[in-house]
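Here's the structure, in structure tokens; my notes come after.
Convention: sequence-line order gives letters A, B, ...; per-chain numbering from 1.
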Protein chains: 2
Amino acid sequence: MVFRENPRPGGRSARVQASVHQAVRDMLAVMDRAEVTIPLIAQRANVTPSTIYRRWGDLQELLADVAASRLQPETEPAEIGSVRMDLQAWTEQYADEMSSGAGREMIRDILSVPDTANAEKCSGYTQQQLRVLIARAQERGEPFPTLTELMDYVISPIMYRILFEQPPNAECVRGLISRIIPEGVVKS
Amino acid sequence: MVFRENPRPGGRSARVQASVHQAVRDMLAVMDRAEVTIPLIAQRANVTPSTIYRRWGDLQELLADVAASRLQPETEPAEIGSVRMDLQAWTEQYADEMSSGAGREMIRDILSVPDTANAEKCSGYTQQQLRVLIARAQERGEPFPTLTELMDYVISPIMYRILFEQPPNAECVRGLISRIIPEGVVKS
DNA sequence: ACCACTAACGCAAATTATTTGCTTTTAACT
DNA sequence: AGTTAAAAGCAAATAATTTGCGTTAGTGGT
């Protein structure tokens, strides 16, 4: 199978992919994830099950694919005030979204597949958002952590808590941020 | 079903559990994870498939259960020299084991199930090991990070890299540790 | 503009996994 | 020892997955 790469943007292949993705999203919105099956998806997307099996392999991979595309951010981090405040607001929202039922399901779907492409894509989205904040800080001359520091000391602990412990609350998130940007730096 | 809790330690229930777990371990050792199925496990464990289905629900949950039990540490962190060195050695081994093919599979199995009990168990094992080191440092009067610091700034970044990016190498692990214990503290 | 080519899809039969109702076994507790 | 309830076995019914083969629809060449 050559699939996946270069699904010509107007071709039948692309239409089937869009239709199947949409079917999955619609179904996840109205029914429990556990009762979503490939035959059902196929029916709603007006394709045959074998098409889905041949293209994605199994339900896990399809769900991982859909989840990754759903995690792609649509907007840049909001501008609230200082970049530190922007970071705090963005991070709290990130933590909330990832901690939610739907968020956790998407992460699980992405991680439960052997192929790491979707997980990397997901981390890439996060880094892309953080880079916007870093550039903003640089532009304004505000002191700001590096990408690595943000990933290691803010994002990673949040994700670990979501995956292995209890989802972090706002206070916890603020604590992680204070640790790498002293409060004193903020001008309110 | 009441299952799970209190499987009397010599009873039939416990024997079936042990037999199924062993069958899964044996099979994972010799065949690809993708071709392990419940009917096959049942055959090797000398039980009927329906027993496994009724008890664990599906393959994912069974694999998660087995993976969690395999991640339970058997020994305490080795005593190398200073507690800082012990920490470094233990953490490098932890990162290696978790980054390995088998390690990553176990983590995936644990995280791909909605029930978070096994993930929490897994995090609990890690904390238990770290607490041994913390106690050791306290006993010897060596300065040492808190459990939260270790989890947030060492374990979490390692796990994030394994799950979402590239597995960390030894140098990276050492870097994470240096960040919370200055090198200078070590007396060689 | 037409034709040839091939990747991707549809269909349907064969296989395999999962669910479920009912029966039997086993260990815990009188 | 006898009773009982949880857990296992058995087998039929259902559902999902795989696969071979024919068809369709975009792609590239003339």
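Below the 3.5 angstrom threshold, one finds no donor paired with an acceptor across the side chain of A:R15 and the base of D:dG26. Within 3.5 Å, a donor on the side chain of B:R12 pairs with an acceptor on the base of D:dA7, or the reverse. If you check distances only, the side chain of A:S50 does reach the base of C:dC11 with a donor-acceptor pair under 3.5 Å. Contact of B:R55 with D:dG9 (side chain to base): no donor-acceptor pair of N or O atoms is detected under 3.5 Å.
The number of heavy atoms from other shown groups lying within 6.0 Å of CD (A:Q128) is above 12.
B:Q17 and B:R55 share a donor-acceptor pair across their side chains, judged by distance under 3.5 Å alone.
Rounded to an integer number of Å, the gap from OH of A:Y53 to C1' of C:dG10 is 15 Å. Per the geometry, CH2 belonging to A:W56 stands 8 Å off P belonging to C:dC9, to the nearest Å. Going from atom CG of B:D58 over to atom C1' of D:dT17 covers 16 Å, rounded to whole Å. If you take CD of B:Q17 and P of C:dA27, they are 16 Å apart, rounded to a whole angstrom. Note: CD (A:E61) to C1' (D:dT17) measures 15 Å, nearest angstrom. Rounding to whole angstrom units, CD1 of residue B:I52 and P of C:dT19 are separated by 13 Å.
The distance from atom CG of B:L59 to atom CD1 of B:I52, rounded to the nearest 0.5 Å, is 9.0 Å.
Of the side-chain N and O atoms in B:T51, none sit less than 4.0 angstrom from OP1 or OP2 of D:dA8.
Linking ILVMFWY residues whenever their side-chain heavy atoms come closer than 4.5 Å, directly or via other members, leaves A:V113 and A:L111 in distinct clusters. Under the 4.5 Å side-chain heavy-atom criterion for Ile, Leu, Val, Met, Phe, Trp and Tyr, B:I155 and B:V132 are members of distinct hydrophobic clusters.
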- [ ] Report the C-alpha separation of A:I181 and A:F144 in whole Å, then their side-chain angles, then the decisive distance to 0.1 Å, and conclude whether the side chain to side chain contact (heavy atoms under 4.5 Å, CB included) test is met.
- [x] CA-CA 7 Å; A:I181 318 184; A:F144 210 69; 4.1 Å; yes

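Within residues 21-45 of chain B, no residue approaches DNA chain D, by heavy-atom distance under 4.0 Å.
Note on ring orientation: taking the six-membered ring where Trp is involved, the planes of B:Y153 and A:Y153 are perpendicular (angle over 60°, cut-offs 30° and 60°).
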